[in-house]
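Have a look at the structure below before the remarks.
Side chains included, hydrogens not; waters and symmetry mates left out as well; all remaining heavy atoms used. Order of the sequence lines sets the chain letters (A, B, ...), proteins ahead of strands, with each chain counted from 1. Since this is a predicted model, take the numbers as computed values, not measurements.
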Amino acid sequence: MPVVPRSFFSRPAEDVAPDLLGCLLVRDSAEGRRVLRITEVEAYAGPLDPASHGYRGKTPRTAVMFGPPGFLYVYFTYGMHYCINFVCSPDEECSAVLIRAGEIVEGVDLARVARSGSTDRDLARGPARLTKALGLGREDNGRDLCDGGALTVLERESSDFTVATGPRVGVSTATEIPWRFWIEGDRTVSAYKAHKARVRPSATPS
DNA sequence: CGTTAGATTCTCT
DNA sequence: GAGAATCTAACGC
């Protein structure tokens with residue numbers, strides 16, 4: 001299967017996102033090869049999208065999102081999780097696709113070690129689980145997906161599935177924008193959860 | 001199967 | 001200082 005070229009990513013994320021469903025993310029490491037079949041994604045735009053990390057302009061964290069397409073954007077959240085995005089749009093513009101879930105189709109043994117305690121179905125069922133199952137982290141931020149290196153995306157073998165769309169998961173703003181895309185009926189798609197503001201006990205009650 | 005609380009620290013205001 | 005593009009365990013049915 002052909003490697004996805006940089007021009008594929010040089011479009012708005014909402015156009016790239018559905019085209020990524022069914023594609024394979026190939027991750028080579030010292031331990032061996034892991035391959036993920038992508039089943040669920042979300043698109044995030046730039047300064048006009050209040051749910052995007054790029055909403056308030058370029059910062060040290062989001063610099064990669066404003067750079068050229070075809071690179072990996074890794075962010076840290078909830079004090080303990082990493083998630084991965086594919087940067088889209090031409091250089092200087094900001095958009096990206098969050099890889100939310102997938103099925104491990106090669107290197108299941110390695111993914112099981114990385115996510116001990118998980119069932120095979122749940123290995124990459126969720127953005128942080130997926131990142132951990134593939135052994136990716138902060139150090140992979142900014143990696144090139146199109147240089148033929150150890151992290152590449154292969155075109156899908158078939159488009160024999162239905163694409164479903166809906167609101168983005170865990171997002172508290174712009175909930176009317178249906179920029180979540182998934183393969184209908186696929187068991188590895190994560191469960192939808194609306195954002196819920198968390199309440200922390202106050203250390204200084206009045 | 002479903003729902004819910006708590007964990008834990010980075011990032012930008 | 002507030003809140004976050006989440007996960008897991010624990011509970012109830």
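A cation-pi arrangement is absent between A/Arg6 and A/Phe8, since the terminal nitrogen or guanidinium carbon is not both under 6.0 Å from the aromatic centre and inside a 45° cone about the axis.
The distance between atom CZ of A/Arg138 and atom P of B/dT9, rounded to the nearest whole Å, is 13 Å. Atom P of nucleotide C/dA4 and atom OH of A/Tyr78 are separated by 7 Å, given to the nearest angstrom. Put simply, CZ on A/Phe86 is 19 Å from P on C/dA5, counting in whole angstrom units. Atom CZ of A/Arg56 is separated from atom C1' of B/dT11 by 12 Å (rounded to the nearest Å). The nearest whole Å value for the distance from the OH atom in A/Tyr75 to the P atom in B/dT8 is 20 Å. Atom CZ of A/Arg61 and atom P of B/dT13 are 10 Å apart (whole Å). Protein atom CD1 of A/Ile99 is 14 Å distant from nucleotide atom P of C/dT6, rounded to whole Å. Put simply, OH on A/Tyr55 is 12 Å from P on B/dT13, counting in whole angstrom units.
Aromatic stacking of A/Phe76 on B/dC10: not satisfied for centres closer than 5.5 Å together with planes under 30 degrees. The ring of A/Tyr44 lies on top of the base of C/dA5, close enough and flat enough: under 5.5 Å between centres, under 30° between planes.
Looking at A/Glu106, its side chain never comes within 3.5 Å of a backbone N or O of A/Arg33 through a donor-acceptor pair.
Within the 4.0 Å cut-off from OP1 or OP2 of C/dA5, not a single side-chain nitrogen or oxygen of A/Arg129 is found. For B/dC12, one of the phosphate oxygens OP1 or OP2 lies less than 4.0 angstrom from a side-chain nitrogen or oxygen of A/Thr59. Between A/His53 and C/dA5 there is a side-chain polar atom (N or O) within less than 4.0 angstrom of OP1 or OP2. Listed pair A/Arg125 / C/dC7 fails the phosphate criterion, with no side-chain N or O lying under 4.0 Å from OP1 or OP2.
Side chain of A/Tyr73, nearest nucleotide from C/dC7, B/dC12, C/dA5: C/dA5. Minimum atom distance to the side chain of A/Met80 is reached by B/dA7, of the listed C/dT8, B/dC12, B/dA7.
Among the atoms of the strands shown, none is found under 4.0 Å from any heavy atom of A/Arg180. Within 4.0 Å (heavy atoms only), A/Ala128 reaches sugar-phosphate atoms of the nucleic acid but no base atom.
Between A/Leu136 and A/Val74 there is no side-chain heavy-atom pair separated by less than 4.5 Å. Contact check for A/Met65 versus A/Ser52: side-chain heavy atoms found under the 4.5 Å cut-off.
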| note | Output field dot_bracket for DNA chain C (Watson-Crick or G-U, both distances under 3.5 Å, | for other-strand pairs) contains ||||.|||||||.
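Partner A/Phe86 forms a side chain to side chain contact (heavy atoms under 4.5 Å, CB included) with one of A/Leu98, A/Val16, A/Ile38 and no other, that one being A/Ile38.
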| query | Can A/Leu24 and A/Arg156 be said to form a side chain to side chain contact (heavy atoms under 4.5 Å, CB included), step by step? | reply | CA-CA 7 Å; A/Leu24 302 180; A/Arg156 56 192 172 206; over 6 Å; no
| field | Trace of the side chain to side chain contact (heavy atoms under 4.5 Å, CB included) decision for A/Arg11 with A/Asp19 | value | CA-CA 11 Å; A/Arg11 299 177 284 151; A/Asp19 288 349; 3.1 Å; yes
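Outside the 6.0 Å centre-distance limit, the rings of A/Tyr44 and A/His53 are not counted as a close aromatic pair.
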